[in-house]
Amino acid sequence: MDDVLALTKHFVSVPSPNLPGDERAMAAAVREFCLMAGLDDVSVVGMTPERPNVLVSLDFGAGGRHLALSGHIDTKPVGDAKWMTDPFVAEEIDGNLHGLGTCDMKGAVAAMLIAAAQMAQSGPSAGRLTLVLTADEEYGSRFGSRYLAEESLIEADAIVIGEPGGIERDWDALNVISRGIANIYIDVEGRQGHSSLSRVKGYQFATQAMAEVLIAFAQDFAPTYPSNDLGAAPTVNAGVLVEGGVGFGVVPGLATFASDVRLVPGMEKSTFEQELAGFLAAFESRGIRANARFEDAPRDWLPPTQVKADDPVVTSCRRAAQSVLGSDLPLGVFPGTTDAAWLQGLLGTPTLPAFGPGLLEYAHAADERVSVQALEQSVPIYTALIKDFCESS
């Protein structure tokens with residue numbers, strides 16, 4: 001019951017890739033652990049039966065604060081990448097635990113559950129703990145944290161998400177900013193026609209025009225943003241997807257490239273749209289017609305979030321890390337987008353985006369892995385956090 005490695009290995013053996021998205025088996029595995037650990041206050045809620053979210057609650061007594069620890073129970077798909085191991089059989093190799101979800105983020109979920117089980121036996125003298133284990137984080141959170149936030153199914157004074165927060169090494173920062181994301185498509189028009197007449201008739205290739213727009217977008221599109229103390233800035237990822245053309249013999253009349261822009265606090269969708277439209281309008285003088293459209297909701301605009309440096313949950317996390325790691329954590333910026341977009345963006349609850357074991361570079365990649373040491377450290381860090389935050393008032 002206290003072996004975080006064993007529980008992580010078990011969770012890895014329970015597939016929950018998203019897409020296609022079906023977390024029922026993982027939710028059942030979580031409930032099975034809770035039953036064995038004596039965690040009785042467990043509820044399963046979801047928009048559909050195939051997309052369950054699991055809420056586990058502990059009441060420590062009157063007074064104190066209410067802390068929520070959050071983690072998602074879905075993973076990215078294996079995809080086409082070649083692994084050195086079976087993605088669904090976690091293996092220890094050179095001090096790391098390999099397997100799909102070890103880092104992102106079934107390891108952290110296992111640590112949270114074990115920490116909760118330990119707190120059920122000898123927890124704080126006051127306060128409340130809720131584990132918020134969500135579906136659908138890897139594909140927009142419509143069935144997960146966004147649903148929970150829209151339905152007001154979570155009440156807490158603060159939320160800590162256990163995403164892998166390490167960039168250069170485990171536990172190298174306490175991330176208080178979660179960057180958001182704008183997912184957009186840019187459609188570039190040409191004139192479809194017979195390719196043998198392309199020079200005679202002067203047909204414009206949509207694909208060639210798109211290439212011009214894509215390169216310019218990558219080099220020159222710079223959305224405005226407010227400055228911040230941590231130096232967080234947006235990142236423009238141009239051409240994450242490219243498509244266009246019919247086949248041999250046909251001048252393509254339409255080509256599209258998709259891009260994601262990582263957002264920082266203070267950026268607004270309306271301003272971003274205006275700047276994007278203005279950037280594309282400049283191509284009209286070159287005879288190129290380009291228009292932008294957002295991905296369908298909820299994957300269109302996931303808002304960035306920030307927790308104040310002096311927020312009580314930041315103080316408690318720093319003390320918890322100090323007690324286990326022996327050093328203070330500097331404040332940092334999580335470069336990715338997390339469930340904080342909804343848990344703080346919609347609920348308004350201060351939400352730390354990534355206070356968990358693992359390096360972000362191993363997430364969404366072949367041979368996903370997490371340091372065994374970091375995984376084992378996460379349990380005492382979470383128990384210290386629970387005691388420190390919940391007992392305070």
Side-chain angles (χ1 to χ4, degrees), residues 17-21 76-82 138-140 142 179-225 233-264 267-304 335-337 361 364-366:
N18 183 17
L19 297 170
K76 283 292 187 184
V78 174
D80 297 326
K82 293 183 179 179
E138 297 291 8
Y139 199 70
R142 178 190 175 198
R179 294 205 300 177
I181 188 170
N183 292 318
I184 57 175
Y185 296 97
I186 295 178
D187 300 313
V188 181
E189 299 178 34
R191 181 184 173 186
Q192 184 170 318
H194 201 292
S195 64
S196 69
L197 299 176
S198 63
R199 182 169 298 180
V200 175
K201 296 294 185 179
Y203 294 151
Q204 184 182 66
F205 283 71
T207 47
Q208 295 175 13
M210 181 200 69
E212 292 185 44
V213 178
L214 193 159
I215 292 172
F217 189 79
Q219 294 177 344
D220 302 324
F221 181 65
T224 59
Y225 64 97
T235 299
V236 177
N237 299 300
V240 295
L241 174 70
V242 174
E243 58 184 15
V246 177
F248 294 109
V250 181
V251 174
L254 179 67
T256 300
F257 69 91
S259 300
D260 69 60
V261 179
R262 299 289 174 163
L263 312 168
V264 299
M267 296 180 70
E268 299 291 340
K269 186 178 182 182
S270 58
T271 302
F272 180 88
E273 285 184 284
Q274 292 174 0
E275 293 175 343
L276 181 58
F279 179 85
L280 297 178
F283 287 92
E284 293 178 5
S285 63
R286 293 155 61 176
I288 295 176
R289 297 184 300 257
N291 295 284
R293 55 188 170 90
F294 282 88
E295 170 74 292
D296 293 338
R299 291 170 53 80
D300 53 343
W301 180 273
L302 280 69
T337 306
E361 68 176 289
H364 303 185

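Being a predicted model, the structure only gives us computed values, none of them experimental. Just so it is clear, the values below take in all heavy atoms, side chains as well, and ignore hydrogens, waters and symmetry mates.
Interatomic distance, NZ of K76 versus CG of N18, reported as 7.5 Å (0.5 Å rounding). How far CG of L302 is from CG of D260: 11.0 Å, rounded to the nearest 0.5 Å. Remark: K82 NZ to D80 CG distance equals 10.5 Å, nearest 0.5 Å. Note: Y185 OH to E243 CD = 7.5 Å, rounded to the nearest 0.5 Å.
Side chain of R179 to backbone of A233: a donor-acceptor contact under 3.5 angstrom is found.
Under a cut-off of 6.0 angstrom, the local environment of CD in E268 is sparse, with at most 12 non-hydrogen atoms contributed by other residues, nucleotides or ligands. For CZ of R142, the number of neighbouring non-hydrogen atoms (other residues, nucleotides, ligands) closer than 6.0 Å is 12 at most.
Residue pairs meeting the side-chain hydrogen bond (donor to acceptor under 3.5 Å, both in side chains) criterion with at least one member in residues 200-222, sequence neighbours excluded: E212-R286.
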Taking distance alone, no hydrogens or angles, what donor-acceptor pairs closer than 3.5 Å link side-chain atoms of residues 252-259 to residues at least two apart or in another chain?
residue, atom, partner, partner atom, Å
T256, OG1, D187, OD1, 2.6
S259, OG, G239, N, 3.2

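Classification of the F279-F283 ring pair by plane angle, with boundaries at 30° and 60°, yields perpendicular. In this pair, F294 and F272 present their aromatic rings tilted. The plane angle is within the 30 to 60° band.
The minimum heavy-atom distance between I181 and N183, with the atom names listed, is CD1-OD1, 3.3 Å. Summarising the geometry of K269 relative to W301, their closest heavy-atom pair is N-CZ2, 3.4 Å, with the distance given to 0.1 Å. Taking both residues in full, the closest heavy atoms of V188 and A209 are given as CG1-CB, 3.7 Å, listed atom of the first, atom of the second, then distance. Closest heavy-atom contact between E295 and D300: O-CB, 3.0 Å.
The shortest distance between side-chain heavy atoms of L276 and F221 falls below 4.5 Å. Considering only heavy atoms from C-beta on, V251 stays 4.5 Å or farther from R191 through its side chain. Contact annotation: the side chain of L263 never approaches that of P223 to less than 4.5 Å [non-hydrogen atoms, C-beta and beyond].
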